[in-house]
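A note on names: the letters A, B, ... follow the listed sequences, proteins ahead of strands, and every chain is numbered from 1.
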2 protein chains.
Amino acid sequence: MVGSTGLSSSSSSHHHHHSHHHSYTPSSRILTDVPCKVCHDNSSGKHYGIFACDGCAGFFKRSIRRNRQYVCKNKGQGGCQVDKTHRNQCRACRLKKCVEAGMNRDGKSIPPFFQSH
Amino acid sequence: MVGSTGLSSSSSSHHHHHSHHHSYTPSSRILTDVPCKVCHDNSSGKHYGIFACDGCAGFFKRSIRRNRQYVCKNKGQGGCQVDKTHRNQCRACRLKKCVEAGMNRDGKSIPPFFQSH
DNA sequence: TCAGGTCCAACGTTCACCGTG
DNA sequence: GCACGGTGAACGTTGGACCTG
Ligand SMILES: [Zn+2]
Ligand SMILES: [Zn+2]
Ligand SMILES: [Zn+2]
Ligand SMILES: [Zn+2]
């Protein structure tokens, strides 16, 4: 990891309610105001339909390209934690969460109406 | 961190303006122009923050993962030679040299200003 | 600009081989 | 000879940099 050092100390922020502006790190590229929907690391915009970090975007891309079939490390039962520090521990649960979060190969966003929470 | 297979089946040109090139052995992977900072064997790029050979990289990794505490073979006094042919003679002195050379678990390079020699 | 793609340094895992007891 | 743990070369994976329509 490299760019993650300066977390853009937000400072005085107006609350542009309806604006589509985002906050970026000094190194640009990384959004500080929208986390990855899969692992909650900082995202770098939308990938495959959802806000996601570079790691989850790359992982999802490689998984679907090669038709990966993973087996959960937890005796195949699922339920592994998927966050920034644990996301590489179980590929099955990471991919499952990617799909549940709405990732798809065509990059289509899911309308808010259909989203679960 | 990132990493792809070192296979890179050459052939294709693609020079990729990366400012500093390295010299590799015919078998690829191994740098011939930058030695391991610990044992002076040929390195295979940076590992845990410094240029290191596969052996010292693997040794450091195993040592920190298992919290190894070694005792110097030289009556606990230190000062054992650590080079390609002697690096496996004393684990305590090898690990000490890894740390002094700047190896760390996060793989952060130390700025040149702070480096001793 | 955004969100796809490629590239590849640096990481992790594996396991034949080796030295020791 | 056998069992065991450490070694390090080979190979697969990750994710940030850069490219492209
Ligand atoms: Zn993520
Ligand atoms: Zn799992
Ligand atoms: Zn070395
Ligand atoms: Zn020693």
Side-chain angles (χ1 to χ4, degrees), chain A residues 1-5 20-22 24-25 27-31 36 38-39 41-66 68 70 73 84-85 87-91 94-95 103-109, chain B residues 1-10 12-22 24-25 27-31 34 36 38-39 41-66 68 70 73 84-85 87-91 94-95 103-109:
Chain A
M1 327 228 131
V2 177
S4 59
T5 46
H20 295 250
H21 293 170
H22 287 298
Y24 290 87
T25 54
S27 58
S28 71
R29 275 199 78 254
I30 305 299
L31 300 174
C36 172
V38 178
C39 75
D41 191 4
N42 290 325
S43 77
S44 56
K46 282 198 171 190
H47 299 279
Y48 302 98
I50 68 168
F51 282 95
C53 67
D54 286 335
C56 291
F59 172 76
F60 181 78
K61 176 191 66 183
R62 291 188 298 270
S63 296
I64 60 172
R65 278 198 192 165
R66 309 195 168 120
R68 290 289 193 237
Y70 305 120
K73 299 272 189 187
K84 178 174 169 52
T85 54
R87 67 193 180 196
N88 285 317
Q89 296 303 113
C90 178
R91 297 189 177 100
R94 189 184 193 179
L95 182 57
M103 276 190 164
N104 61 92
R105 71 189 70 216
D106 299 322
K108 292 189 180 179
S109 294
Chain B
M1 58 190 62
V2 188
S4 82
T5 64
L7 295 186
S8 86
S9 51
S10 58
S12 60
S13 43
H14 255 117
H15 277 202
H16 252 262
H17 38 55
H18 265 168
S19 45
H20 61 287
H21 290 172
H22 286 297
Y24 291 87
T25 54
S27 57
S28 68
R29 276 198 80 253
I30 304 301
L31 300 175
V34 185
C36 172
V38 178
C39 75
D41 191 4
N42 290 326
S43 77
S44 57
K46 282 196 172 191
H47 299 278
Y48 302 98
I50 68 168
F51 282 96
C53 67
D54 287 335
C56 290
F59 171 76
F60 182 77
K61 176 191 64 185
R62 290 188 297 270
S63 296
I64 59 171
R65 280 199 191 166
R66 306 190 172 124
R68 291 289 192 237
Y70 305 121
K73 299 272 189 188
K84 178 174 169 53
T85 54
R87 66 193 180 197
N88 284 318
Q89 296 305 112
C90 177
R91 297 190 178 100
R94 189 184 194 180
L95 182 56
M103 276 191 164
N104 61 91
R105 75 188 66 216
D106 297 324
K108 291 191 181 177
S109 294

Discussion item. Is any side-chain heavy atom of B/Lys84 closer than 4.5 Å to one of B/Asn42?
Written reply: no
Fill in: Heavy-atom side-chain proximity of B/Asp41 to B/Arg87 below 4.5 angstrom
yes
Worksheet item: Would one find a side-chain N or O of B/Arg87 under 4.0 angstrom from OP1 or OP2 of D/dG8?
Response: yes
Worksheet item: Between B/Asn88 and D/dG8, is there a side-chain N or O to OP1/OP2 distance below 4.0 Å?
Response: yes
Worksheet item: What about B/Arg62: does its side chain form a donor-acceptor pair under 3.5 Å with the base of D/dG8?
Response: yes
Taking any heavy-atom pair under 4.0 Å as a contact, classify [X]: base, sugar-phosphate, or nothing.
X	result
A/Arg91	sugar-phosphate
B/Arg65	sugar-phosphate
B/Arg105	nothing

Worksheet item: Which parts of residues 45-61 of chain A get close to DNA chain C, meaning a heavy atom less than 4.0 angstrom away?
Response: A/Lys46, A/His47, A/Tyr48, A/Lys61
Worksheet item: Between atom CD1 of A/Ile30 and atom CG of A/Asp54, what is the distance when rounded to the nearest 0.5 Å?
Response: 5.5 Å
Item to complete: Nearest 0.5 Å please: distance from the CZ atom of B/Arg65 over to the CZ atom of B/Arg105.
Response: 10.5 Å
Discussion item. Is the positively charged end of A/Arg94 above the ring of A/Phe59, judged by distance under 6.0 angstrom from the centroid and angle within 45° of the axis?
Written reply: yes
Item to complete: Take the protein atom CZ of A/Arg66 and the nucleotide atom P of D/dC11, then report the distance between them rounded to whole Å.
Response: 16 Å
Worksheet item: Whole-Å distance between C/dG12 P and B/Asp106 CG?
Response: 11 Å
Worksheet, complete the sentence: Testing C/dG12, D/dA10, D/dT7 for proximity to the side chain of B/Arg29, the answer is D/dA10
Worksheet, complete the sentence: The salt bridge (charged side-chain N to carboxylate O under 4.0 Å, His left out) partners of A/Lys108 (sequence neighbours excluded) come to none
